[in-house]
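First the structure, in the form of structure tokens, and then the observations on it.
All values below come from the heavy atoms of this structure, side chains included, with hydrogens, waters and symmetry mates left out.
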Amino acid sequence: MPINLQQLQEQFEREHFIDTTKPVWNYSLLTDEDIKNFQNGTHYTLYEKFGSHSIKVNGIWGMYFCVWAPSAKFVNVIGNFNNWDKLAHPLHPRWDKSGIWEGFIPHFKLGEVYKYHIVGANNFIGDKGDPFAHFWELKPLTASITWDLYYAWNDQEWMQNRKKHNALNAPWSVYEVHLASWQRPEPGNEHKYNTYDQIRERLVPYVKEMGFTHVELMPIAEHPFDGSWGYQITGYYAPTSRFGDPQGLMRLIDAFHQEGIGVILDWVPSHFPYDTHGLYMFDGNHTYEYADMRKGFHPDWNSYIFNYKRGEVKSFLISNARFWFDVFHIDGIRVDAVSSMLKLNYSRKEGEWEPNEFGGDGNLEAIQFIKDLNEMVYRDFPDVQTIAEEATDWPGVSKPTYTGGLGFGMKWMMGWMHDSLNYFKRDPIYRAHHQNDFTFSMMYYYDENFMLPISHDEVVHGKSPLIFKMPGDLWQKFANLRLFFTYMWTHPGAKLLFMGSEFGQTSEWNYKSELDWHLLQYQSHRGAQHCLKQLNQLLKTEPALHIKQFTTDGFEWVDLNHREECVIVYKRKGENPEDDLLIVLNMTPEVRTDWVIEITGKQYTQEIFNSDLKEYDGTGDVYNPQIRCECVDAIEQRYRITINIPPLAGLILK
């Protein structure tokens, strides 16, 4: 008996209560459980249901659309497919008053641009991009694009073994990269970008050659303005189209993983811009942001703050973090501006903020959001890390939530960055009077799991590039830079360095151009680069430099008693005493010959690193092919070693 298509269509409509005669079918992917969790702030996979999805309904391929617009009176899908007709394809509001509008448009294809035309509260009429879109038009165009995220990954080996690479006792040397300005196809043309594939061909081998263990990509979620460096996001679920389609980013991450390099994404759940196609006043009301501008407006960045009290917003944000881990295989998120989320009085004067219900200045909803975020990440992805950019003395940022902490894996050590740079900026003649600035970091180091950052924030807005923070003539500047690298790489904690600093970039970072690659024709810049490469290698091969980087028995001061000479000595310790290293730093341009150091526990007979070597463009005149070592007390295992210390240099002895 032949199949009667008309009968099948009618049967489908009867069974599913779907009217297929209309341009938008009243079809839904959502369950009652989805709605409940969405509203409670506990739905962490919204990207599987919300946004646009290519599906087959009753044998017909098309696109399912789902958007949250609780104050909307009318939502219509517009695009080239219907000549931007504001009435032709209205979505259906759910009967459960969840504020969700949805529907299936048959024969709607992938690669089509679209927006939501919304008639909302307070006489609002506007066209919005899809908050869950995976692909957007290239700026200055602002429509979303229907897209599929299928990709055949080739990083199975990394994913199976990455726990050891991303563990807290693993070496962490992070290269912070702004993809647009690392290299450009035309160095002076801010409107030209390399594609994700071109970046992959250039960046992956460079990071591998330099020995970094991870890269941190500055925010690459879709954003309208280059000058925001990606920190003002309109498309939270989409890699920026500046460099190509989403699969291009997947190929880039895949290539890093195949070379044994982890990928961290900068993630911005703290604020978003007021662009008309974005989240702000999404349906005529304060949908994603706090309605009270004492909490909802960010005075520093002229942007708007997410309403962490609203369950739907929590689900949106936590789902977004999970999306990048789940779909893009990332190894960590660096969470931006955590301080601004935690503090109700952040950048606000008296009278511009309201205390919480207990009279304090903490944003209780944001605190709970952060804890829920970290609990989700470590539950579902136990082999990754979350890293907080947090600049206050908030306790327990990197402590587990079950002990009252916020639950991050690591926290940026902003105090170390400021103190260390202030110390190194000083003329060596004055450093003797400021040794406490140098040593203070170890007074509070064990409060958190710290990452030492020299980030993009330190090389913009008149702060000068890292090389010009160093005092003295050109030779002294580079000697100081190599000394600073030695100190940073031998200080406990993970490391992060902004691109260009590794070879002594001489201009402040400018998002409109690219790094000063031409400087590598000069030996001083190549030397600094080579020095850092060697330090990265030592970080990975010497267990003492990473295995106990967050524990109290991984570091020991040996000699702080030569303040006038500015010679500082400390140990880094491994699980086995034979792995211990002795670090000697000479903070002045004076050569120290026959310098005596008394130590306990073991002998140190080999110089394994010297930042003054010729190959780093140092003098190459002062080194220790043999180290004199004599036993002072055999019972106490006390030894006296005698070494020569180069000017403005660091030594690592084993």
Side-chain angles (χ1 to χ4, degrees), residues 391-393 412-447 450 452-455 457-459 462-493 495 501 504 528 531 535 555-572 582-599 610-612 618-619 622 641-653:
T392 72
D393 57 356
W412 273 23
M413 197 174 187
M414 310 295 276
W416 170 88
M417 178 180 67
H418 293 134
D419 290 347
S420 298
L421 290 178
N422 284 338
Y423 179 87
F424 272 87
K425 285 176 185 176
R426 299 185 186 280
D427 188 301
I429 198 171
Y430 301 117
R431 287 177 178 172
H433 309 297
H434 297 276
Q435 182 170 292
N436 289 346
D437 292 345
F438 183 84
T439 60
F440 183 63
S441 63
M442 294 310 299
M443 295 293 292
Y444 60 92
Y445 176 77
Y446 299 108
D447 294 345
F450 279 119
L452 315 182
I454 298 296
S455 73
D457 278 333
E458 292 308 304
V459 294
K463 295 179 183 178
S464 85
L466 187 58
I467 185 64
F468 288 146
K469 296 180 191 293
M470 304 298 159
D473 58 23
L474 190 61
W475 184 89
Q476 288 198 13
K477 288 183 185 301
F478 276 97
N480 270 299
L481 181 65
R482 298 190 303 269
L483 174 58
F484 177 78
F485 286 157
T486 307
Y487 165 58
M488 180 175 175
W489 257 248
T490 58
H491 189 291
K495 334 293 178 193
S501 299
C531 176
L535 286 167
F555 176 91
E556 178 187 329
W557 290 116
V558 173
D559 186 359
L560 292 176
N561 298 320
H562 290 86
R563 183 184 296 259
E564 290 302 317
E565 297 90 342
C566 290
V567 174
I568 296 171
V569 186
Y570 52 88
K571 284 184 186 178
R572 290 298 306 279
L582 193 69
I583 317 301
V584 184
L585 305 178
N586 180 6
M587 300 298 186
T588 73
E590 298 294 324
V591 176
R592 307 293 180 184
T593 57
D594 296 326
W595 187 266
V596 175
I597 303 171
E598 290 202 358
I599 53 174
N610 181 333
S611 69
D612 190 50
T619 68
V622 184
I641 65 173
T642 304
I643 59 173
N644 300 315
I645 313 176
L648 290 172
L651 304 177
I652 303 178
L653 309 181

Looking at [atom1] of [X] and [atom2] of [Y], how far apart are the two atoms once the value is rounded to the nearest 0.5 Å?
X	Y	atom1	atom2	result
Leu421	Met470	CG	CE	6.5 Å
His434	Asp419	NE2	CG	12.0 Å
Arg482	Asn610	CZ	CG	9.5 Å
Asn422	Met417	CG	CE	10.0 Å

Classify the ring geometry between Phe450 and Tyr444 as parallel (under 30°), tilted (30 to 60°) or perpendicular (over 60°).
perpendicular
Parallel, tilted or perpendicular: rings of Phe438 and Trp557 (30°, 60°):
tilted
Quick one: do Met442 and Tyr570 satisfy side-chain contact (heavy atoms from CB on, under 4.5 Å)? Show the steps, please.
CA-CA 11 Å; Met442 294 310 299; Tyr570 52 88; over 6 Å; no
Compare all side-chain heavy atoms of [X] with those of [Y] and state whether any distance is below 4.5 angstrom.
X	Y	answer
Lys571	Phe555	no
Pro492	Arg572	yes
Lys495	Trp489	yes
Leu481	Ser501	no
Ser420	Phe484	yes
Phe485	Leu466	yes
Ile641	Leu582	yes

Show your working on side-chain contact (heavy atoms from CB on, under 4.5 Å) between Val591 and Thr619 and close with a plain yes or no.
CA-CA 11 Å; Val591 176; Thr619 68; over 6 Å; no
Heavy atoms from other residues, nucleotides or ligands near [atom1] of [X] exceed 12 (cutoff 6.0 Å):
X	atom1	result
Ile429	CD1	no
Tyr446	OH	yes
Asp427	CG	yes

Minimum heavy-atom separation for Gly650 to Leu585, with atom names?
CA-CD2, 3.8 Å
Which atom pair, heavy atoms only, marks the closest approach of Asp612 to Ala649?
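That would be CB-CB, 3.9 Å.
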Spell out, as yes or no, whether a donor-acceptor pair under 3.5 Å connects the side chain of [X] to the backbone of [Y].
X	Y	answer
Arg592	Ile645	no
Arg431	Thr588	no
Asn480	Lys425	no

Salt bridge (Lys or Arg N to Asp or Glu O under 4.0 Å) against Lys463, all qualifying residues, sequence neighbours excluded
Glu458
Return the set of residues passing salt bridge (Lys or Arg N to Asp or Glu O under 4.0 Å) with Glu565 (not counting sequence neighbours), or none when no residue passes.
none
Any chance you could lay out the side-chain contact (heavy atoms from CB on, under 4.5 Å) test for His418 and Asp437, step after step, and finish with the verdict?
CA-CA 9 Å; His418 293 134; Asp437 292 345; over 6 Å; no
Between Asn644 and Asp594, does the side-chain contact (heavy atoms from CB on, under 4.5 Å) criterion hold? Intermediate values first, please.
CA-CA 5 Å; Asn644 300 315; Asp594 296 326; 4.0 Å; yes
Listed by chain and number, what are the side chain to side chain donor-acceptor pair (under 3.5 Å) partners of Tyr487, not counting sequence neighbours?
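With neighbours one apart ignored, the set is Trp416.
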